[in-house]
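Okay, so here's the structure we're looking at.
One-based numbering along the sequence shown.
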Amino acid sequence: MPLQALKDSAGALAPHLVAIRRELHMHPELSLEEFETTRRIRGWLEEAGLSVQTFGLKTGLVVDIEGASPGPTVALRADIDALPVTEETGLPFASCEPGKMHACGHDFHTASMIGAALLLHKRRDRLKGRVRMLFQPAEEIAAGARAMIRAGVLEGVDAILGMHNKPELPVGTVGIRTGALMASVDRFEIRVTGKGGHGAIPDAAVDPIVAASAIVGALQTIVSRNVSPLESAVISVCRFQSGATWNVIPDCAELEGTVRTFNADVRRRIPEQIRRVAEGVAAGYGASAELIWTEGQHFVNNDPAMAALMTRAAEELGLTVVEARPTTAGEDFSVYQEHVPGCFIWMGTSGTEEWHHPKFTLNEDALPVSAVLFAHAAELALETLA
């Protein structure tokens with residue numbers, strides 16, 4: 001089927017993909033609660049004659065599209081979970097679930113990849129190998145990719161492709177880059193211990209609030225004075241909790257935050273730098289500090305060959321390709337890339353607000369564009385990897 005015919009097929013699917021996206025948007029489910037979302041996806045796929053697998057997962061599912069002849073396996077991934085956000089779009093298909101919303105566009109991702117699956121299913125007699133569609137739960141809490149890998153979904157997979165909608169890019173434009181695209185995500189907690197006492201008699205106490213406040217400021221020097229100006233990092237304290245009343249100096253204070261980086265060496269060094277700053281500053285105030293470090297996912301790191309393949313697919317379809325601008329937001333697509341080469345791209349959606357905003361919207365004209373791009377990219381990948 002020539003590319004124009006493939007594009008025409010995607011265009012014909014557009015009303016169906018819009019209906020799918022809107023139904024998902026009306027019924028968002030949070031991470032690891034995507035039972036009805038999974039049921040709906042299964043229904044749409046089985047209705048088209050596709051066979052669904054669960055790999056023992058409680059939510060999320062997998063579909064294999066087997067080609068007419070043997071060959072490599074390429075995975076396409078979509079995330080299916082929503083956010084604990086109250087929608088404020090006023091759309092006729094706004095969320096029916098109080099306090100829950102597809103405010104990051106995962107409904108768009110899911111509908112797009114269903115579209116790619118339907119296109120590829122019709123062309124399965126031309127495929128040399130297998131395309132594995134991953135409908136992954138729990139991206140928002142960075143738990144879904146690891147769960148799917150533990151279940152065995154990457155066994156035999158040679159490469160993986162995925163995307164995230166990008167509101168600031170227009171429909172018909174895709175952002176692609178080699179190397180780091182989204183940051184690693186790590187979490188830290190610092191427990192500062194002093195000595196409680198009366199608020200009117202601070203000299204008899206060791207105030208952990210004062211010590212913790214100084215630590216907050218000092219942590220910012222790690223980026224400005226310990227990270228090369230040619231690299232980048234973010235250290236943000238997002239929770240500061242201490243005390244229970246207005247006239248009592250508490251015994252302890254807690255800080256909690258996140259670290260984002262694009263470089264493995266920078267990421268490796270930062271925990272010890274945070275520990276040194278926290279303990280040293282606390283000691284200067286007569287207090288002590290303990291660091292609790294929780295390692296999250298790696299940064300999204302696009303394979304050069306897969307990035308070139310995505311660029312070729314987009315250009316052959318007449319899409320505009322721009323250099324993707326990195327973001328310090330995280331994505332557990334990176335977990336797959338630790339096992340197989342992959343590429344994660346920005347898909348232009350002409351949105352009105354940034355991700356996670358209660359008025360987040362997108363232009364549904366991007367649905368068939370995304371579906372045909374990933375169908376074509378999967379075919380190119382099977383040919384390239386054969």
Side-chain angles (χ1 to χ4, degrees), residues 72-79 104 106 109 113 132 134 136 138-150 153-166 169 174-187 223 227-236 258-271 293-314 321-347 355 373-374 377-378 380-381 384-385:
T73 298
V74 175
L76 303 182
R77 177 270 206 168
D79 39 13
C104 206
H106 293 186
H109 303 163
M113 290 304 184
R132 173 163 288 179
L134 308 181
Q136 178 206 304
E139 186 279 329
E140 294 293 356
I141 62 171
R146 288 189 175 91
M148 295 198 86
I149 291 169
R150 286 195 300 270
V153 303
L154 283 190
E155 292 177 12
V157 171
D158 298 287
I160 187 167
L161 304 172
M163 59 96 174
H164 203 291
N165 69 87
K166 205 72 169 86
L169 292 181
V174 294
I176 304 174
R177 70 178 279 121
T178 295
L181 178 66
M182 302 183 76
S184 60
V185 179
D186 297 310
R187 172 183 169 188
V223 174
V227 175
S228 166
L230 303 180
E231 298 292 345
S232 62
V234 171
I235 300 176
S236 292
T258 185
V259 174
R260 309 294 173 107
T261 66
F262 294 103
N263 180 290
D265 289 334
V266 172
R267 185 187 186 198
R268 176 182 52 80
R269 293 194 301 267
I270 282 181
W293 181 264
T294 303
E295 185 173 290
Q297 69 257 27
H298 197 55
F299 54 86
V300 172
N301 190 21
N302 286 335
D303 177 78
M306 289 298 103
L309 182 143
M310 286 301 305
T311 299
R312 175 186 166 192
V321 179
V322 299
E323 178 78 4
R325 183 178 180 181
T327 175
T328 46
E331 236 289 351
D332 73 355
F333 185 85
S334 62
V335 180
Y336 300 113
Q337 291 178 311
E338 294 179 35
H339 298 268
V340 295
C343 183
F344 195 73
I345 70 168
W346 299 145
M347 179 63 58
W355 306 326
L373 172 60
F374 278 90
L380 289 181
T384 301
L385 295 170

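Looking at heavy atoms from C-beta onward, Leu373 lies in side-chain contact with Met310 at the 4.5 angstrom threshold. Taking 4.5 Å as the limit, every side-chain heavy atom of Arg77 sits out of range of all side-chain heavy atoms of Met148. Taking 4.5 Å as the limit, some side-chain heavy atom of Trp355 sits within range of a side-chain heavy atom of Asn165. Ile160 places a side-chain heavy atom less than 4.5 Å from the side chain of Phe333. Using a 4.5 Å cut-off on side-chain heavy atoms (C-beta onward), Val157 and Tyr336 make no contact. Contact check for Met347 versus His109: no side-chain heavy atoms found under the 4.5 Å cut-off.
The shortest non-hydrogen separation linking Val266 to Ala233 is CG1-CB, 4.3 Å. Minimum interatomic distance between Leu181 and Ala324 (heavy atoms only, all atoms of both residues): CD1-CB, 3.7 Å. Of all heavy-atom pairs spanning Gln297 and Gly330, the tightest one is NE2-C, 3.9 Å. Between Ala75 and Leu134, the shortest heavy-atom distance links the atoms CB-CD1, 4.2 Å. Closest of all the heavy-atom pairs between Ala314 and Val321 is CB-CG2, 3.6 Å. Taking all atoms of both residues into account, the shortest heavy-atom contact from Gly296 to Arg146 is O-NH2, 3.4 Å.
Proximity of a side-chain donor or acceptor of Thr258 to a complementary backbone N or O of Asp186 within less than 3.5 Å is detected. Remark: the backbone N or O of Ser184 is not paired with any side-chain donor or acceptor of Thr261 at under 3.5 angstrom. Between the Arg260 side chain and the Ala183 main chain, no donor and acceptor come within less than 3.5 Å of each other. Here the side chain of Arg177 pairs no donor or acceptor atom with the backbone of Pro326 at under 3.5 angstrom. Here the side chain of Asn302 pairs a donor or acceptor atom with the backbone of Phe344 at under 3.5 angstrom. The main-chain N or O of Gly342 is found under 3.5 Å from a side-chain atom of Gln337 such that the two form a donor-acceptor pair. Listed for the Asp303 side chain is no donor-acceptor partner under 3.5 Å among the backbone atoms of Cys343.
Separation of atoms CE (Met163) and CD (Glu331) is listed at 10.5 Å; rounding is to 0.5 Å. In this structure, the separation between CE on Met182 and CZ on Phe262 is 8.5 Å, given to the nearest 0.5 Å. Taken from CD1 in Ile345 to CE in Met306, the straight-line distance is 13.0 Å, to the nearest 0.5 Å. Note that CG of Leu385 and CG of Leu380 are 10.5 Å apart. Values are rounded to the nearest 0.5 Å. The OG1 atom of Thr178 sits 7.5 Å away from atom CD of Glu323, with the distance rounded to the nearest 0.5 Å.
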Asp332 and Gln136: CA distance, side-chain angles, deciding distance, side chain to side chain contact (heavy atoms under 4.5 Å, CB included) verdict:
CA-CA 10 Å; Asp332 73 355; Gln136 178 206 304; 3.1 Å; yes

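His164 and Trp346 have perpendicular rings, their planes meeting at more than 60° on a 0 to 90° scale where under 30° would count as parallel.
Of the N and O atoms on the side chains of Glu338 and Asn301, not one donor lies less than 3.5 Å from an acceptor on the other residue.
Shown here are the salt bridge (Lys or Arg N to Asp or Glu O under 4.0 Å) partners of Arg325, two or more places apart in sequence or in another chain: there are none.
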